[in-house]
Amino acid sequence: MLFYIFSILLLISSFIPLVQNPHWFFRFFEFGKVQLFQLLLLTCILALLFIENKDFLFFVVLGLNSLTLAFHVKVLFPYTKLHSIPTKIKTNSCSETISIISANIYQDNSAYNRFIGLIEKHNPDIFLTMESNQVWENALSHFDKTYPFHIKVALENTYGIHLFSKLKIISYQVHYFVADDIPSIEAKIKSEDGFVFNLFGVHPPPPSPTEEGNAKERDGELLSVAKVVKSKSEPCVVVGDFNNVAWAKSSLLFRKTSELIDARIGRGLFSTFHANYWFFRFPIDLFFHSTDVFVEELKTLDYFGSDHFPIYSSFHINRKNKEQEELIETLEREEKKEINGIISDGINEESENRD
């Protein structure tokens with residue numbers, strides 16, 4: 001009986017995200033695909049080992065579980081190291097290596113020195129913080145001299161965002177695509193050896209019972225960023241706390257609209273949230289890049305008191321590579337119409353939970 005009950009619950013949870021309803025309940029189950037796969041696999045193994053009366057119903061349910069496991073494997077496989085990706089040998093025509101740390105610091109986290117120590121240890125060229133309010137801005141002023149270029153948007157609603165750079169910021173813009181209290185950063189940056197690229201830092205609100213009741217603002221924000229990225233002729237990198245997983249439909253639409261590559265493909269999941277609960281940990285801090293950006297390293301860094309682990313990435317810029325361009329997916333005609341509707345819904349959505 002336990003086998004049948006657990007199987008039904010896990011099967012329902014696995015396919016609920018296929019219902020394209022923006023309510024947080026339907027979107028929540030997208031996050032736990034890895035956990036659902038693990039629980040389903042464990043349920044099947046225990047059933048085969050300990051259930052003696054294996055009747056027709058048992059094998060029907062076992063078959064459904066197996067098909068669902070295959071469904072999860074198909075979705076998750078590209079985010080494993082078993083999935084091959086094109087490699088690019090760095091040449092003299094490439095830029096020097098550029099490194100970025102992206103970290104949701106958790107607004108109520110007061111371990112300022114731990115984060116400062118983490119930045120000093122890894123010494124990135126650029127770092128981005130999310131949920132950074134005025135108190136955090138004061139603490140981060142420690143880096144004003146070593147990182148002479150910065151963009152500071154201190155907010156007390158957990159959507160503050162700060163960008164610090166050793167590389168020259170030629171120009172920048174703070175966007176408020178769907179709400180006047182959810183900023184995202186667009187910065188045009190020039191490397192020391194003269195390569196220019198666009199960096200976008202994002203942090204849309206998550207769909208949850210304590211934040212936003214649905215995913216409209218999140219999806220509208222991400223797709224608005226994607227449309228701006230698509231209009232750029234220079235190399236582009238988008239980093240931040242997406243409050244979304246890479247296999248969610250809205251993430252796939254983001255990737256298709258922007259024509260960017262998900263850096264996790266072929267490298268791993270790198271689950272970053274929740275830092276304090278190992279089993280309920282999801283890969284929601286993401287890194288996307290254009291085809292003329294070549295990722296050298298992608299990894300999570302040490303715990304520093306936040307509910308997120310920071311993401312470290314390093315890359316160089318070179319001419320577009322045909323093999324890497326094959327990783328790009330583009331929008332279908334129906335999806336183009338859907339994009340505009342999602343952005344409009346996000347702009348028109350009124351937040352009930354955000355101060």
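Every heavy atom of this structure was used, including side-chain atoms; hydrogens, water molecules and symmetry mates were not.
The aromatic rings of Phe77 and His83 lie perpendicular to each other, with more than 60° between the two planes, well past the 30° mark. Phe115 and Trp136 have perpendicular rings, their planes meeting at more than 60° on a 0 to 90° scale where under 30° would count as parallel. Ring planes of Phe29 and Phe25: perpendicular class, angle over 60° (limits at 30 and 60°). Between Phe127 and Phe164, the angle of the ring planes stays under 30°, which puts this pair in the parallel group of the 30/60° scheme.
Phe28 CZ: 12 or fewer foreign heavy atoms inside a 6.0 Å radius. Enclosure of atom CD in Glu192 is not indicated, since only 12 or fewer non-hydrogen atoms of other residues, nucleotides or ligands lie within 6.0 angstrom. The number of heavy atoms from other shown groups lying within 6.0 Å of CZ (Phe279) is above 12. Within a 6.0 Å sphere centred on NZ of Lys54, other residues, nucleotides and ligands contribute more than 12 heavy atoms.
The distance from the CG atom of Asn104 to the OH atom of Tyr106 is 10.0 Å, given to the nearest 0.5 Å.
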Salt bridge (charged side-chain N to carboxylate O under 4.0 Å, His left out) between Lys232 and Glu259, intermediate numbers included: CA-CA 11 Å; Lys232 302 296 179 182; Glu259 297 187 1; over 6 Å; no
Audit row: Asp302, Lys121, salt bridge (charged side-chain N to carboxylate O under 4.0 Å, His left out) steps and yes/no: CA-CA 11 Å; Asp302 297 335; Lys121 175 183 177 181; 3.4 Å; yes
Steps toward ring pair (Phe, Tyr, Trp, His ring centres under 6.0 Å) verdict (Phe309, Phe270): CA-CA 9 Å; Phe309 291 106; Phe270 304 105; over 10 Å; no
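Using a 4.0 Å cut-off between charged nitrogen and carboxylate oxygen, Glu221 and Lys216 do not count as a salt-bridge pair. By the 4.0 Å N-to-carboxylate-O rule, Lys152 lies close enough to Asp144 to be salt-bridged with it. Using a 4.0 Å cut-off between charged side-chain N and carboxylate O, Asp219 and Lys249 make no salt bridge. The pair Lys299-Glu297 meets the salt-bridge criterion, since a charged nitrogen lies less than 4.0 angstrom from a carboxylate oxygen.
Counting heavy atoms from C-beta on, the side chains of Arg218 and Leu222 come closer than 4.5 Å. In this structure, the side chains of Phe71 and Lys74 stay at 4.5 Å or more apart for every pair of heavy atoms.
Here the shortest heavy-atom pairing between Asn133 and Leu155 reads CB-O, 3.1 Å.
Between Val239 and the choices Phe287, Phe200, Phe288, the side-chain contact (heavy atoms from CB on, under 4.5 Å) rule is met once, by Phe287.
Annotation: Tyr277 is not in aromatic contact with Phe282 [ring centroid separation under 6.0 Å not met]. If you look at His308 and Phe273, their ring centroids are closer than 6.0 Å.
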